[in-house]
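All figures in this text were calculated on a predicted structure; none of them were measured in a lab.
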Amino acid sequence: MNWKLELDDLARREAFAREMGGVDKVQRQRDQGRLTVRERIDKLVDQKSFHEIGAISGTGEYDETGKLINLTPANCVFGRGKIDGRTVVVVGDDFTVRGGSADASISAKPLMAEEMAHDFRLPIIRLIEGSGGGGSVKTIETKGAANLPGGIGGTRWYWYTTANMARVPVVGLGLGSVAGLGAARLAASHYSVMTKNSAMFVAGPPVVKRLGQDLSKHQLGGAEIQTRAGGVDDAVDTEEEAFARAKRFLSYLPSSVYELPPTLPCDDDPERAEESLMQAVPRNRRQVYKMRPIIDAVVDKGSFFEMTSNFGRPIITGFARLEGRAVLLLASDPFHYGGSWTAEACQKVVRFVDLAETFHLPVVYLMDCPGFMIGLEAEKAATIRHGVRAMAAVNQTTVPWCTIIVRNSFGVAGVVHQPADRFSLRYAWPSAYWGSLPLEGGIEAAYRADIEAADDPKAKLKEIEDRLNKLRSPLRSAEKFWVEEIIDPRKTRSLLCEFARLAEPLRTPGPATSMTIRP
């Protein structure tokens with residue numbers, strides 16, 4: 001006797017599962033330019049590395065003799081796979097089965113994916129398309145009662161969502177219409193990407209129409225809206241690009257907070273000096289310049305991975321490598337409000353500083369910040385409240401920190417260029433310019449009586465500006481040891497690579513305990 005009959009039955013059920021929602025639904029998915037969940041997993045993970053769990057779970061149809069006629073699989077596919085040889089958890093929505101609706105879901109499957117990531121300390125990637133929530137309008141009829149959000153037994157998934165943010169890298173990919181809990185699953189990640197033909201919203205157009213807003217999916221929650229609002233980090237043209245960005249994001253991070261980020265071999269000379277840095281910052285302080293070429297000049301060639309570029313644009317955020325060692329990089333962008341910290345920029349700083357602290361990444365900050373954004377709109381946005389929160393996040397970090405003051409450092413936002421009350425490295429370029437307030441505008445207030453009493457107020461203002469600017473030289477500050485070092489910009493890469501080497505033994509694996517972990 002053997003178990004061939006049972007294994008044949010298992011194979012038949014697995015074949016039903018691979019048909020997903022059926023030939024017509026699968027073809028419709030492809031006709032709309034989207035891959036199926038199984039095709040997505042195959043393209044995301046290393047070839048033949050995916051080990052699926054619960055493949056034959058779903059709803060079976062049986063004849064009068066109890067023989068299986070058909071099996072409609074649950075619209076969640078999950079399991080373990082490898083990306084670049086490293087084990088990860090992948091969980092995906094199957095839109096071909098009831099459009100990813102919760103009515104066709106088995107809630108234990110996505111929950112188990114989160115549990116596996118948490119308890120085995122594995123990165124998790126969510127392939128999201130649909131609602132993926134605890135119920136829909138139809139659920140009331142199919143279950144015979146209305147679902148209470150957070151009711152008995154209904155909060156376990158939410159606990160793991162928060163817990164995993166403090167434990168393992170979490171990536172969310174929005175690959176179609178994403179609504180309700182699906183939107184929350186996408187947002188509750190360290191890094192989120194959506195395709196440009198996708199949309200994300202708390203409630204879709206039919207529901208919003210009841211409010212009097214008749215909008216299409218893309219008008220309501222398209223890529224431009226969500227990346228500009230910071231709901232999603234990045235948008236790409238194709239699903240393949242989304243998979244590539246997910247893989248690259250993970251390449252800078254450890255599998256969990258109990259490990260350190262991997263160091264890769266590097267053939268880029270740590271002593272490389274870029275002559276272009278000598279002309280990177282104009283002498284005219286009113287003239288803007290491009291920060292991204294400076295970033296590319298000082299980090300390992302091709303290593304800068306920018307994230308969330310369409311939100312909080314005065315600050316540039318991403319990962320980079322220095323002599324193969326991963327760092328989190330912050331940089332000012334003077335093309336947006338002169339690099340002033342807006343309320344959005346402050347929120348962005350909080351999120352990425354938290355990310356560095358969670359996964360033990362040293363921070364490099366290329367600074368050109370003339371202060372917090374000012375004016376009526378800035379006050380309406382509660383910029384100072386968000387700014388103080390950013391200051392708290394920076395001050396709560398324990399990871400090594402190195403700041404390069406490229407140009408401006410003014411006011412309270414100027415203070416937030418390194419953690420308070422502990423040692424970090426700081427260097428200033430000769431182009432650096434700082435103070436409690438910028439001279440522009442401040443002179444008129446501080447020297448109003450002198451200017452108004454002068455025969456030629458404009459000439460008097462110019463005289464005062466020239467006098468004060470001579471005192472504003474960073475060399476004067478260095479003379480009083482108010483700043484540690486003024487450096488040749490061409491030495492920046494060498495010093496940053498040294499910083500990464502010095503920082504390496506200071507990072508301790510384990511959960512962050514000195515701060516709040518925020519999605």
Side-chain angles (χ1 to χ4, degrees), residues 14-15 17-20 26 29-30 33-57 73-97 100 109-130 132 160 164 167-176 178 182 185-186 188-195 198 233-234 236-256 259 261-262 264 305 307 319 326 359:
E14 289 174 340
R18 285 192 293 272
E19 292 176 3
M20 296 174 282
V26 168
Q29 179 87 351
R30 291 171 177 159
R34 302 194 305 276
L35 300 172
T36 67
V37 64
R38 295 186 178 280
E39 290 169 337
R40 287 165 178 164
I41 292 172
D42 286 344
K43 288 180 178 290
L44 174 66
V45 302
D46 297 349
Q47 190 174 10
K48 296 182 179 180
S49 71
F50 185 60
H51 177 90
E52 186 174 354
I53 298 171
I56 65 171
S57 60
N75 60 11
C76 171
V77 177
F78 88 101
R80 298 181 299 277
K82 291 187 176 182
I83 290 180
D84 297 330
R86 180 169 60 167
T87 301
V88 300
V89 175
V90 181
V91 56
D93 301 330
D94 184 356
F95 197 77
T96 69
V97 179
K109 292 190 75 175
L111 170 59
M112 184 174 284
E114 300 291 332
E115 291 173 333
M116 181 164 56
H118 182 274
D119 291 358
F120 277 84
R121 302 176 181 177
L122 299 173
I124 183 168
I125 304 173
R126 306 185 189 120
L127 308 176
I128 306 170
E129 183 179 16
Y160 274 101
N164 278 340
R167 192 174 181 96
V168 298
V170 180
V171 177
L173 303 182
L175 305 174
V178 178
R185 293 169 64 214
L186 184 56
S189 58
H190 296 110
Y191 183 54
S192 57
V193 184
M194 66 188 295
T195 51
S198 297
D233 291 312
D234 289 323
V236 293
D237 291 318
T238 67
E239 294 188 20
E240 287 82 358
E241 289 178 83
F243 305 149
R245 289 192 71 84
K247 292 177 184 180
R248 192 167 179 203
F249 172 82
L250 291 175
S251 72
Y252 293 89
L253 296 179
S255 290
S256 76
E259 301 175 24
L264 302 183
F305 178 66
M307 295 173 279
F319 295 146
F359 294 109

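Within 6.0 Å of CE in Met112 there are 12 or fewer heavy atoms belonging to other residues, nucleotides or ligands. Counting non-hydrogen atoms of neighbouring residues, nucleotides and ligands closer than 6.0 angstrom, the NZ atom of Lys247 exceeds 12 such neighbours.
Considering CG of Leu127 and CD of Glu239, their distance stands at 9.0 Å, rounded to 0.5 Å. Here OG1 of Thr36 is found 12.5 Å from CZ of Arg18. Values are rounded to the nearest 0.5 Å. Taken to the nearest 0.5 Å, the CG atom of Leu111 stands 12.5 Å off from the NZ atom of Lys109. Interatomic distance, Tyr160 OH to Met116 CE, rounded to the nearest 0.5 Å: 12.0 Å. The distance from the OG1 atom of Thr87 to the CG atom of Asp46 is 9.5 Å, given to the nearest 0.5 Å. Atom CG of residue Leu264 and atom OG of residue Ser251 lie 7.0 Å apart, to the nearest 0.5 angstrom.
Using a 4.5 Å cut-off on side-chain heavy atoms (C-beta onward), Pro169 and Phe359 make contact. Between Val168 and Leu122, every side-chain heavy-atom pair lies at or beyond the 4.5 Å cut-off. Looking only at side-chain heavy atoms (C-beta outward), Leu173 and Met194 stay at 4.5 Å or farther from each other. Between Val88 and Val90 there is a side-chain heavy-atom pair separated by less than 4.5 Å. Between Leu250 and Ile125 the shortest side-chain heavy-atom distance falls below 4.5 Å.
Closest approach of Ile83 and Leu44 over heavy atoms only: CG1-O, 3.8 Å. Residues Arg86 and Ser255 come closest through the heavy atom pair CD-OG, 2.9 Å. Taking all atoms of both residues into account, the shortest heavy-atom contact from Val91 to Pro110 is CG2-CA, 4.3 Å.
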Go through the steps to decide whether Gln29 and Glu39 satisfy the test side-chain hydrogen bond (donor to acceptor under 3.5 Å, both in side chains), and finish with yes or no.
CA-CA 11 Å; Gln29 179 87 351; Glu39 290 169 337; over 6 Å; no
Salt bridge (Lys or Arg N to Asp or Glu O under 4.0 Å) for Asp234 and Arg245? Distances and angles first, verdict last.
CA-CA 9 Å; Asp234 289 323; Arg245 289 192 71 84; 3.2 Å; yes
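Remark: of the listed residues Arg185, Arg126, Arg40, Arg185 is the sole one forming a side chain to side chain donor-acceptor pair (under 3.5 Å) with Asp93.
In this structure, Arg80 is not positioned above the aromatic face of Phe50 in the sense of NZ or CZ being under 6.0 Å from the six-membered ring centre and within 45° of the axis.
In terms of the salt bridge (charged side-chain N to carboxylate O under 4.0 Å, His left out) criterion, Glu241 has no residue partners (sequence neighbours excluded).
Under the 30°/60° scheme for interplanar angles, the aromatic rings of Phe249 and Tyr191 are found to lie parallel.
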